[in-house]
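Take a look at the structure below.
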Amino acid sequence: MNWREQTGAVIPPVFLTSTFEYGNAGGFDYTRSGNPNFRNLQQTLAALEGCQHACVFASGVSAITAVVSSLKSGDVVVLEENVYGCTYRLFARVFEKFGVSAVYTDLSNPVNYAKISEHKPALVWIESPTNPMLKVLDIAAISEVARKVNAPVIVDNTFASSYLQQPVKLGATLSLLSTTKYSNGHSDVLGGAVCTDSAEWQEKMIFAQKALGLQPSPFDSWLIARGVKTEALRMERHGSNALTFAERLENTKAVRWVRYPFLPSHPQHELAKQQMRNGSGIVTADLGFTLEKTQAFLGRLKYFPKAESLGGIESLCCHPASMTHASVPREAREAVGITDGVVRFSVGIEHIDDLWRDIEEAMTAA
Ligand SMILES: *Cc1c(COP(=O)(O)O)cnc(C)c1O
């Protein structure tokens, strides 16, 4: 049945079915390998990313697993040294056991593009902006270098969002999303996706979705399809809030530095403007406080609960030294700039004056 013609429902229903009658017009058979709610979300995400295909997964980590599972023993992957922590852990603790080796380098520095030509990797894995230092990598330039040695480039596009950056259009083969973050935007569901123009890669992703059991639930897909409708509006507000927030922080005494790609003080500001429509909602700063003072400050915030994750309409903050990077030894953490006073803010869509008053009051109290 065509649900729209026969019911007039404006919004697609949730297809809570595990199986489909053989020979149906949609070509569905079993929800592990496809469902109308997956297909609906896949079409929307592909359109947002400006590419042909998208494949949805249960989480961002499932999407990463799907891509890496397409490699074979002996393959080498060259990765940006600042990739998402769970990406690093998956390679180190799981895929290295299967003979896939990972080479890390700072791909924000063009000198290190040589690693790509040297290793001729099966995959080049980058992220831009990076977490939590918001380094910006030149997606077009890296894709150009990789093309010469036939290495596909995958960009983890989670921090930028599909609305602000379209990696496949910039020359990457794959764009990966944790749809948990800006795509859904409401911090109430986990999801992931891999987007591409390559029919061959799409086939590999659909295979991984069913063969590894990485598929999302129809209901979660429905929720993300609902969230994604406001992605453009949310990203505009995240961006304008975050820029004002970053500017005000930069003009605050004691604050050592503020990192935000759309601040002129960002080392890759020009590149950010070339490849991104706007800045997203993430701002990282060194408040210049000791560990105790930073924790006192964070404890006083009312609008910024201390929590991992990002990209929801509500603001959050994260203290890398005691949270995401707590297991990294102090010297290693400080070598990449994560001192005790560093805080990553996920600026939400609240009124900027409410957010800023909260920061000022907590600063005074601390
Ligand atoms: C959150 C995140 C992931 C993992 O996504 P989950 O949905 O939590 O599994 C991957 N990459 C980046 C950059 C992320 O922020």
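Remember, it's 1-based here, ligands and their atoms both numbered in the order they're listed.
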**Item:** F28 ring center within less than 6.0 Å of F15 ring center
**Value:** no
**Prompt:** Cation over ring, R234 on Y182, under 6.0 Å and within 45°?
**Reply:** no
**Prompt:** Can you say whether the rings of F345 and F245 are parallel (under 30°), tilted (30 to 60°) or perpendicular (over 60°)?
**Reply:** perpendicular
**Prompt:** Is E270 salt-bridged to K273, going by a charged N under 4.0 Å from an acidic O?
**Reply:** yes
**Message:** Is it the case that atom CZ in R147 sees more than 12 heavy atoms from other parts of the structure closer than 6.0 Å?
**Reply:** yes
**Item:** Step-by-step salt bridge (Lys or Arg N to Asp or Glu O under 4.0 Å) determination, K293 to D340
**Value:** CA-CA 9 Å; K293 249 186 147 182; D340 289 340; over 6 Å; no
Any protein N/O atoms within less than 3.5 Å of an N/O atom in ligand 1? List the atom names and distances, or say none.
unit_1	atom_1	unit_2	atom_2	d
ligand 1	5 (O)	S178	OG	3.0
ligand 1	7 (O)	G60	N	2.9
ligand 1	7 (O)	S178	OG	2.8
ligand 1	7 (O)	T180	OG1	2.6
ligand 1	9 (O)	G60	N	3.1
ligand 1	9 (O)	V61	N	2.9
ligand 1	11 (N)	D156	OD2	2.7
ligand 1	15 (O)	K181	NZ	2.8

